[in-house]
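Below, chains carry the letters A, B, ... as their sequence lines are ordered, and counting in each starts from 1. FYI, side chains are in, hydrogens and waters are out, and symmetry mates aren't considered; it's all heavy atoms of this structure. If you're wondering where the values come from, they're calculated on a predicted model, not measured in any experiment.
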Protein chains: 2
Amino acid sequence: MEIIKKIASVPLFEDLSKKQLADIAAIAVGQKYKRGQLVFSEGDEGSGFYVLISGGVKIFKLSPEGKEQILHIMGPGEPFGEAAVFAGEHFPASARTLSESKVLFFPRRSFVDLITNNPALSLNMLAFLSRRLRVLANLVESLSLKEVPGRLAAYLLYYSKHKNDPAILELGISKTQLAALLGTIPETLSRILSRMGKEKLIKAGLRHIQILDRQGLLELSEGSRRLT
Amino acid sequence: MEIIKKIASVPLFEDLSKKQLADIAAIAVGQKYKRGQLVFSEGDEGSGFYVLISGGVKIFKLSPEGKEQILHIMGPGEPFGEAAVFAGEHFPASARTLSESKVLFFPRRSFVDLITNNPALSLNMLAFLSRRLRVLANLVESLSLKEVPGRLAAYLLYYSKHKNDPAILELGISKTQLAALLGTIPETLSRILSRMGKEKLIKAGLRHIQILDRQGLLELSEGSRRLT
DNA sequence: CGTGGCCTTGATAAAGTTCAAGAGCCGTGG
DNA sequence: CCACGGCTCTTGAACTTTATCAAGGCCACG
């Protein structure tokens, strides 16, 4: 059963005993999605939740006019769709794969039983939900209190936290997707990237961005500086 | 100990036995705040979380220029500041009372112990966090995908869900606060209320709003109609 | 009865979206 | 191997929404 090995490496299932991991493995169902496939839609009945094993998934909302706002981008090891398990029962947003992806699906009923008898698992889940809450609170802050250059600067700084200048960031997503994550449109993002380039804050490539002036970005993200 | 009675009526502590309620009561600390007092600030070390017993509390973020975005408005019985207990350890936003308020404070350490041995409590907490996640996802959607009239319409519809037309809503907050909740400023809100009044969608009073045309508001919130 | 807070209204300005067109890149298939 | 079609990205110009700045009105509370 190599499924146990996969499960053991998922942060959500950290600190669990062999026996507990086996219990979890017993209720997990493996699934595979092609790039661009819809995993679930906002409003769907949430009969369980997912853990991403490989690939990438975006969680997003769509406006009637077709504009997309990305809430999260999930990488391997991350759970998604959990909120529907513990409250409300239907998904508050939609999920689509960004590349070919493997996921594990956990049916609601069995998982709730499992968590009930498993304090470590429930604390892990609480930690994940709390972290997600924080991410969304920051997104709200970005959207409401920052202009697009500030949002982009904050994003770049966040994703380069552990690198030194000149840091080269592999975006891993298209600029269209990045725009949707920042709450804007590709045209606006493109213009701002070019302005940031002119001011020697960054150097933008096709799918990567080089940070030249961290301090400048910080000032932008905090509103104490503006792009000319 | 009337503290037990208070605790028993808190939804978070539903379905718990007498003994469990007593355990919870044992670690709770009562606190009292005057109107407008800060309960905690973004970034503060979260040594525990709160349950609001009476009064009102807003959870908010502040921009460097002083603009405020309200994330939640808490009423009696609701917990707040929980995210810091389970992840991150510092508060992701600030909290201020809207009126004189009584709260119970639960120290982190003892509460984690308690939840570990108490599956029902942990499921309740998961449900609360999940619901909060949903609220924030909707706020993001509002801010990013709707214009101010649409946000206001959605807000009004949500808060009148269980009433029939013509529903009279007691806002319970000032229009300045409502603006901060909708991600705009009082001037803009004022103009939009007046436009909605002209179109006979609502009738706005000082601290209450009467809904005249639910269908019209729905269309506004879904983007299929615009204010002239 | 005066003062401060909240709300309203108007004029102006800024940021971002929309619409439109064109350039670069890539995979497919002739 | 090259050409085509589709996709993403970029750039420009006009337009829309919202914020900002300024002033005046209303009400409550001391």
Next on the checklist: Taking the basic N atoms (NZ, or NE/NH1/NH2) and the acidic carboxylate oxygens, is any pair closer than 4.0 Å for Glu78(B) and Arg131(B)?
Outcome noted: no
What's the [atom1]-[atom2] distance between [X] and [N], to the nearest Å?
{"X": "Ile209(B)", "N": "dC7(C)", "atom1": "CD1", "atom2": "P", "answer": "11 Å"}
{"X": "Glu65(B)", "N": "dT20(D)", "atom1": "CD", "atom2": "P", "answer": "8 Å"}
{"X": "Gln177(B)", "N": "dG5(C)", "atom1": "CD", "atom2": "P", "answer": "14 Å"}
{"X": "Leu143(B)", "N": "dT17(D)", "atom1": "CG", "atom2": "P", "answer": "18 Å"}
{"X": "Arg207(A)", "N": "dT8(D)", "atom1": "CZ", "atom2": "P", "answer": "10 Å"}
{"X": "His208(B)", "N": "dC7(C)", "atom1": "NE2", "atom2": "P", "answer": "13 Å"}
{"X": "Leu227(B)", "N": "dT16(D)", "atom1": "CG", "atom2": "C1'", "answer": "14 Å"}
{"X": "Arg226(B)", "N": "dT18(D)", "atom1": "CZ", "atom2": "P", "answer": "9 Å"}

Next on the checklist: Can you confirm whether the side chains of Arg151(B) and Thr184(B) place a donor and an acceptor under 3.5 Å from each other?
Outcome noted: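 There is no such pair between these side chains.
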So do the side chains of [X] and [Y] get within less than 4.5 Å of each other, counting heavy atoms only?
{"X": "Ile7(A)", "Y": "Val51(A)", "result": "no"}
{"X": "Ile209(A)", "Y": "Met196(A)", "result": "no"}
{"X": "Leu38(B)", "Y": "Arg96(B)", "result": "yes"}

Next on the checklist: Closest approach to the side chain of Ser174(A), judged atom by atom: which nucleotide of dC6(C), dC9(D), dT18(D) is it?
Outcome noted: dC9(D)
Next on the checklist: If you only use heavy atoms from C-beta on, which nucleotide in dT18(D), dG16(C), dC7(C) is closest to the side chain of Pro149(B)?
Outcome noted: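 Given the options dT18(D), dG16(C), dC7(C), the side chain of Pro149(B) is closest to dT18(D).
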Next on the checklist: For Arg225(A) and Leu201(A): C-alpha separation, side-chain torsions, deciding distance, then whether side chain to side chain contact (heavy atoms under 4.5 Å, CB included) applies.
Outcome noted: CA-CA 12 Å; Arg225(A) 166 174 179 167; Leu201(A) 293 166; 4.0 Å; yes
Item to check | Most 5' of Glu147(A) and Lys175(B) on DNA chain C, judged by nearest nucleotide | outcome: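 Mapping each residue to its closest nucleotide by heavy atoms, the 5'-most match is Lys175(B).
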Checklist entry - Relative to the 5' end of DNA chain C, which residue comes earlier, Leu206(A) or Val148(A), by the nucleotide with the nearest heavy atom? => result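 By nearest-heavy-atom nucleotide position, the 5'-most residue is Val148(A).
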Checklist entry - Tell me the ring pair (Phe, Tyr, Trp, His ring centres under 6.0 Å) pairs involving residues 46-75 of chain B, sequence neighbours left out? => result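 Qualifying pairs: Phe40(B)-Tyr50(B), Phe49(B)-Phe106(B), Phe49(B)-Phe111(B), Tyr50(B)-Phe80(B), Tyr50(B)-Phe105(B).
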Next on the checklist: Just to be sure I understand the geometry, which residues of residues 180-199 of chain A put a non-hydrogen atom under 4.0 Å away from DNA chain C?
Outcome noted: Gly183(A), Thr184(A), Ile185(A), Glu187(A), Thr188(A), Arg191(A)
Checklist entry - Does Lys67(A) put a side-chain nitrogen or oxygen below 4.0 Å from OP1 or OP2 of dT18(C)? => result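 For dT18(C), neither OP1 nor OP2 has a side-chain N or O of Lys67(A) closer than 4.0 Å.
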